[in-house]
Each structure stands twice: as structure tokens, then as C-alpha cells.
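Heads up: the structure comes next, in C-alpha cells.
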Protein chains: 2
Amino acid sequence: MEKTETEFLQRIIASPADEKCPIRKSLDLFSSKWRTWVLFELCKQPTYRFGELRKAIPPITNTMLTKTLRELEAIGIIQRKQFNEMPLRVEYSLTESGHALTPVFFEIAKWADQYLPTEN
Amino acid sequence: MEKTETEFLQRIIASPADEKCPIRKSLDLFSSKWRTWVLFELCKQPTYRFGELRKAIPPITNTMLTKTLRELEAIGIIQRKQFNEMPLRVEYSLTESGHALTPVFFEIAKWADQYLPTEN
DNA sequence: CAGTATCCCGTCCGATACTG
DNA sequence: CAGTATCGGACGGGATACTG
């Protein structure tokens, strides 16, 4: 346990200071309200239709949901599957690398339990 | 290991769907390029002066660094200590709850190792 | 249903100059 | 040194209407 703590600190300290730092590049990828929210929802359920995501994320608009889904798809962490039925059906789900992000959410959850300010 | 995986998925799935969800509230707190970058730097070294942070984060401006530091201080994850010397010296460092975020960075690092697209 | 297209407004934020 | 103040432009993103 203590060893792990030390290890990751070493890892962070040793990370390159320039824009090539993989940790910082990853942080940038997910430093967006809509991206994290969409990913968080996609963790809950194997597949979502476009309309389901809109309902799950009430404040999001068509435009932003589409934009966010395209971005996450381009990064390769979600996949879009279109069924040419009538009416049209599209299903979104996490890819393997998307699933691999769940431990990040778990650590956030643990932190929230202990430290999240509860004033609101 | 598998048990942990299952546990955190249960936790995410069971999270409230409304705006009170602590995980989503935490995600919002850190869904910002400057906040994550400043926190990441503060993990590397126990204290930073204002000017050191500016150098460590080249693209940031006075305005945004100040704003970000005040926000993180308000959340309670960093602390500001002012020494009334001449010239003025101010030191920023993580609080306990700030340090508690390092496992999140660690998971991001692990993810980056395995899945970060390397095209650029 | 699952989007796209367009318009438009607010805020974010960079640049610059100034201060205790 | 460690900021604050001010201005102005870019752009994120909302609202609405439309389409395959």
C-alpha cells in the first residue's frame, strides 16, 4: 500500500514537464464537463441510445451531445453502432479503453466520500 | 481484484441520477484544464511560489493562475501561505484533501500507459 | 429517431498596464 | 514578487428549426 503511494508519486514527479506528458494529455482529454458526464453515464449501462443519453443528462443539448459523442468516438473510448431500421436506432457504448477508465471514476468516488465539501 | 471492479461499478450504477451525485459533483470540480494542471504540478513538489507555478505552466496567464488558485483554495484542496517579507513571498501547497487526489492521477497515468492514442 | 444547420449571445480568457 | 484592473475578441454553447 505504502509502496504503491510512493510509486505513483515517483511517476508523477518523473513525468516530462513539456506538452508531451501522457498524464497531462489524458487530463486534457477529460477536462470537460460534458465528456466526463457522458462517460460517467456510459459506465452505468452497457448501451445507450441517443435519446436515452439526452434524458440521462438533462441539461445537455442536441448540439453538445452530438459534439461530445463524436469527440469521444475519435479518441476511441466509445463506439457508435447504427442499425438501419425504421425508425433509426443508434447505440453508444464504451470500448475497451473506455471501460479502462472506470478505476478513475472509482478513485473520484472514494475521494468524494471523504472530502467533498457538503455545503450545498 | 475482480471484487473491487464489481464494487465500484455497483457504486457508480447506484449513484443518484440528479445533480446531488457526489461523483459527478467532484467531476465538475476538476473538469477544467487549469485546475487539473495546477493540481498536477502541486503533486510534484511540496510548495510552489506564484512565479514558480507560472514557469511550470507556461501557457497560463496571471489572471487565470490567480483565478484557479483562488478556486482550488475555496474548494479546500490547496492552501496559500503568505510571508510578509520583502520582497513578498507566497507559498502554495496541497492540503490533506488535495493530497488525497493523487490516486486519481495515478489511475489516469495507468490508463495513459495502456490506452492513450500516440498519434501526436 | 437521431441527428444537422444556423443564428446569436454570454463568458471565458488573453494581453496589457498598473499596484502594494 | 505577487498579484489586481480593465478591455476586447474568440468561442463555447443555448435555442430553434429543419432533415434523412
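Chain identifiers are assigned alphabetically (A, B, ...) following the order of the sequence lines, protein sequences preceding nucleic acid strands; residue numbering begins at 1 within each chain.
- Between B:Arg80 and B:Val90, the closest side-chain pair of non-hydrogen atoms falls below 4.5 Å.
- Remark: the B:Arg54 side chain and the B:Asn62 side chain contain an N/O donor-acceptor pair separated by less than 3.5 Å.
- Between the P atom of C:dA2 and the CD atom of A:Gln82 lies a distance of 10 Å, rounded to the nearest Å.
- A close approach under 4.0 Å does occur between a side-chain nitrogen or oxygen of B:Arg49 and OP1 or OP2 of D:dA2.
- Comparing C:dC1, D:dG3, C:dG3 against the side chain of A:Pro87 picks out C:dC1 as the nearest.
- Contact annotation: the side chain of A:Trp111 never approaches that of B:Pro103 to less than 4.5 Å [non-hydrogen atoms, C-beta and beyond].
- Within the 3.5 Å criterion, the main-chain N or O of A:Ser31 finds no donor-acceptor partner in the side chain of B:Ser31.
- Minimum atom distance to the side chain of A:Trp34 is reached by D:dG14, of the listed D:dG14, C:dG14, D:dA2.
- Atom pair A:Arg54:CZ and C:dG3:C1' shows a separation of 10 Å (rounding to whole Å applied).
- Ring geometry for A:Tyr92 versus A:Phe50: interplanar angle of 30 to 60°, hence tilted.
- The CZ-P distance, from A:Arg89 to C:dA2, rounds to 9 Å in whole Å.
- When the P atom of D:dG20 is taken as reference, atom CZ of A:Phe50 falls 17 Å away, rounded to whole Å.
- The side chain of A:Arg80 contributes an N or O atom lying less than 4.0 Å from OP1 or OP2 of C:dG3.
- How far CD1 of B:Ile78 is from CD of B:Glu73: 6.0 Å, rounded to the nearest 0.5 Å.
- Figure legend: B:Arg35 and B:Phe30 shown without cation-pi pairing, the cationic atom not lying both under 6.0 angstrom from the six-membered ring centre and within 45 degrees of its axis.
- For the pair A:Leu88 CG and C:dC1 P, the interatomic distance rounds to 11 Å; values are reported in whole Å.
- The number of heavy-atom neighbours closer than 6.0 Å to NZ of B:Lys44, taken from other residues, nucleotides and ligands shown, is above 12.
- Here the side chains of B:Pro16 and B:Cys21 are in contact, with some heavy-atom distance below 4.5 Å.
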What would the secondary structure line of DNA chain C be in dot-bracket form, counting Watson-Crick and G-U wobble pairs under 3.5 Å, with [ ] for pairs that cross earlier ones and | for pairs with another strand? ||||||||||||||||||||
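- Considering only heavy atoms from C-beta on, A:Gln45 comes within 4.5 Å of A:Glu52 through its side chain.
- As rounded to whole Å, 16 Å separates atom P of C:dG3 from atom OH of A:Tyr48.
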Taking N or O atoms only and anything under 3.5 Å, show me the protein contacts with nucleotides 8-10 of chain C, one pair per line.
none

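- Summarising the geometry, the separation between NZ on B:Lys55 and P on D:dA2 is reported as 9 Å, rounded to the nearest angstrom.
- Contacts between residues 57-71 of chain B and DNA chain C, defined by a heavy-atom separation below 4.0 Å, involve B:Thr61, B:Thr63, B:Met64, listed by number.
- Side-chain contact between A:Ile77 and A:Leu94 is absent, with no heavy-atom pair separated by less than 4.5 Å.
- Aromatic ring pairs are classed by plane angle as parallel below 30°, tilted from 30° to 60° and perpendicular above 60°; the pair A:Phe105 and A:Phe40 is tilted.
- A sub-4.0 Å separation between OP1 or OP2 of C:dG3 and a side-chain N or O of A:Tyr92 is present.
- A straight line from CZ of A:Arg35 to C1' of D:dG13 spans 14 Å, rounded to a whole angstrom.
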